[in-house]
Amino acid sequence: CYAIPGLLDIHFHGCMGVDFCDGDIESVRKIAEYEASQGVTSIIPATMTYDEDRLIKIAETAKKFMDDSQKHISKNINLENSQDKTATSDQYEKCATLYGINMEGPFVSREKCGAQNPQYIHKPDYEMFHRINNACDNKVRLVDVAPETDGAMEFIKKASQETRISLAHTTADYDTAVKAFENGARHMTHLFNAMPGLHHRNPGPIPAGADREDITAEIICDNVHITPVMVRMAFKLFGPNRLIFISDTMEAAGLDDGEYQLGGQPVTVRGNLATLHDGTIAGSVTNLMKCMRTAVLEMGIPLTDAVRCTT
């Protein structure tokens, strides 16, 4: 047996039939309880590509959940110090801690939108981001951007002063990615997925990120999104100090095969595979603890490295 820290998932969408984008307190609580039950004690759920009003509602819900959780912690501290040892406050007792929002949309590329809904794709807009960030008390921890899109570099310069900018759902070439990093981007969303792959004459964004020691990169180790040999290659490129395992789970996680939704689009789940009806992979149906185990047991990643990448 090994004792390890609770895990941190910085990119996932839902589980147990609910989605973070429901914008509903009960949905967030259900997500937080499921994650904690799987050993994931800290969470930064991701939004999908929606219009501003929907994203603001999601941000406001997240703020309320975080505020309520903090009140619960304070109340429990008071109860522990109280003479009344029968009093309890357990509403959030079994929940993972929500630390903020990963804003995966809507500033993405149409050509690499993946499971993001193209209907709501928006060019990078700092004022829009700022309004959403204000709605959750500046708790947007990550914002995804396709750096080749109109206005992206200016957005990266400004927004990187407030949050961490990630290259995602992009067709960017090597030079564009380098420029994005020079302007303040410091992260890459689900490495290899929804971005150009490696090529010896057209290297793309991945080597641009690997070249810099200040760039972190997410990777999905569910054995669906990426083959084991490419996961091992990612470790050689970025190393265990810069790779971050994510689950990218959607609402079907923890449930049986069937029909579900992600970002307002229908998703079919069969085994470990979740796809839109056109065959596009639509997130995962695992959880971060299972991803960590898969990396160790099926991909040849040392346990200590896998734990580091999930905590």
Side-chain angles (χ1 to χ4, degrees), residues 9-24 26-35 37-38 40 43-51 53-55 57-58 61-62 96 101-122 142 144 146 166 168-170 189-195 218-227 245-291 294:
D9 200 344
I10 67 168
H11 184 162
F12 73 103
H13 299 278
C15 55
M16 301 301 292
V18 296
D19 193 290
F20 182 61
C21 289
D22 293 344
D24 177 76
E26 290 307 313
S27 290
V28 179
R29 183 178 292 110
K30 194 169 184 179
I31 288 168
E33 287 180 349
Y34 170 80
E35 294 299 328
S37 77
Q38 302 301 308
V40 182
I43 56 174
I44 302 176
T47 60
M48 292 291 287
T49 294
Y50 281 113
D51 59 69
D53 289 344
R54 178 78 174 265
L55 292 171
K57 181 186 177 186
I58 295 164
T61 301
I101 294 173
N102 177 343
M103 202 171 140
E104 191 176 3
F107 310 136
V108 297
S109 159
R110 290 187 180 277
E111 290 76 11
K112 288 286 187 179
C113 63
Q116 301 290 331
N117 193 333
Q119 178 181 350
Y120 299 111
I121 289 176
H122 199 290
L142 284 161
D144 284 3
S166 183
H169 291 275
T170 177
T189 295
H190 42 50
L191 198 69
F192 298 115
N193 296 117
M195 64 178 64
E218 305 168 357
I219 192 164
I220 309 170
C221 296
D222 63 350
N223 224 350
V224 172
H225 284 76
I226 308 169
T227 62
F245 288 0
I246 62 166
S247 68
D248 200 13
T249 53
M250 43 85 70
E251 65 176 42
L255 300 176
D256 296 329
D257 291 357
E259 295 296 318
Y260 298 92
Q261 286 206 354
L262 180 64
Q265 300 184 92
V267 174
T268 300
V269 173
R270 295 289 182 270
N272 286 335
L273 183 63
T275 59
L276 300 182
H277 288 179
D278 66 1
T280 302
I281 293 178
S284 84
V285 292
T286 183
N287 59 60
L288 191 59
M289 184 66 79
K290 289 181 180 178
C291 286
T294 297

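- Nearest heavy atoms, Val40 versus Ala96: O-CB, 3.3 Å.
- Ion pair Arg29/Glu26 flagged as a salt bridge, since at least one NZ, NE, NH1 or NH2 atom sits closer than 4.0 Å to an Asp/Glu carboxylate oxygen.
- Closest of all the heavy-atom pairs between Glu104 and Ala46 is OE1-CB, 4.2 Å.
- Side-chain contact, His11 with Asp248: a donor N or O sits under 3.5 Å from an acceptor N or O.
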| field | Residue pair Val267, Thr275: steps toward the side-chain contact (heavy atoms from CB on, under 4.5 Å) verdict | value | CA-CA 5 Å; Val267 174; Thr275 59; 5.9 Å; no
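- Across every non-hydrogen atom of Ile121 and Cys113, the tightest pair is CD1-CB, 3.9 Å.
- Surrounding CG of Asp256 are at most 12 heavy atoms belonging to other residues, nucleotides or ligands under 6.0 Å away.
- In this structure, the separation between CE on Met48 and OH on Tyr120 is 12.0 Å, given to the nearest 0.5 Å.
- Between Met16 and Leu255, the closest side-chain pair of non-hydrogen atoms falls below 4.5 Å.
- Shortest non-hydrogen contact noted between Gly14 and Ala253 is O-CB, 4.1 Å.
- Residues Pro106 and Leu55 share a closest heavy-atom pair of CD-CD1, 3.9 Å.
- Between Lys30 and Tyr34, every side-chain heavy-atom pair lies at or beyond the 4.5 Å cut-off.
- Residues Pro45 and Asn102 are not in side-chain contact: their nearest non-hydrogen atoms beyond the backbone lie 4.5 Å or more apart.
- Residues Val285 and Cys15 form no side-chain contact, since every pair of their non-hydrogen atoms from C-beta on lies 4.5 Å or further apart.
- Partners of Ala194 according to the side chain to side chain contact (heavy atoms under 4.5 Å, CB included) rule, which considers only residues two or more places apart in sequence or in another chain, are His169, His190.
- Residues Ile31 and Val18 form a side-chain contact, since some pair of their non-hydrogen atoms from C-beta on lies under 4.5 Å apart.
- Side-chain atoms of Thr47 and Ile101, non-hydrogen and from C-beta on, do get closer than 4.5 Å to each other.
- Around atom NZ of Lys57, no more than 12 heavy atoms belonging to other residues, nucleotides or ligands sit under 6.0 Å away.
- Between Ile281 and Leu273 there is a side-chain heavy-atom pair separated by less than 4.5 Å.
- Defined by atom type and a distance below 3.5 Å, a donor-acceptor pair is missing between the side-chain atoms of Thr294 and Asn223.
- Side-chain atoms of Ser166 and Thr189 form a donor-acceptor pair, as typed in the model, at a separation below 3.5 Å.
- The closest donor-acceptor contact from the side chain of Asp222 to the backbone of Val224 lies under 3.5 Å.
- Arg110 places a side-chain N or O within 3.5 Å of a backbone atom of Pro118 that can act as its donor or acceptor partner.
- Listed by chain and residue number, nothing satisfies the side chain to side chain donor-acceptor pair (under 3.5 Å) test with Gln265 (two or more places apart in sequence, or in another chain).
- A donor-acceptor pair under 3.5 Å links the side-chain atoms of Arg54 to the main chain of Cys21, judged by distance alone.
- Contact detail for Leu262 and Gly283: the closest heavy-atom pair is CD2-N, 4.3 Å.
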| query | Hey, mind stepping through Thr268 and Glu259 against side-chain hydrogen bond (donor to acceptor under 3.5 Å, both in side chains) and telling me if it holds? | reply | CA-CA 5 Å; Thr268 300; Glu259 295 296 318; 2.9 Å; yes
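- Note that the CE atom of Met250 and the NE2 atom of His13 stand 9.5 Å from one another [nearest 0.5 Å].
- Put simply, CD1 on Ile246 and CD1 on Ile44 are 11.5 Å apart, with the number rounded to the nearest 0.5 Å.
- Atom CG of residue Asp9 and atom CD of residue Glu218 lie 9.0 Å apart, to the nearest 0.5 angstrom.
- Going from atom CG of Leu288 over to atom CD1 of Ile220 covers 11.0 Å, rounded to the nearest 0.5 Å.
- In this structure, the separation between OG on Ser247 and CZ on Phe12 is 6.5 Å, given to the nearest 0.5 Å.
- A search for ring pair (Phe, Tyr, Trp, His ring centres under 6.0 Å) contacts involving Phe20 returns nothing, not counting sequence neighbours.
- Heavy atoms of other residues, nucleotides or ligands lying less than 6.0 angstrom from CG of Asn272 number 12 at most.
- Side chains of Thr170 and Lys112 form no contact here, defined as non-hydrogen atoms less than 4.5 Å apart.
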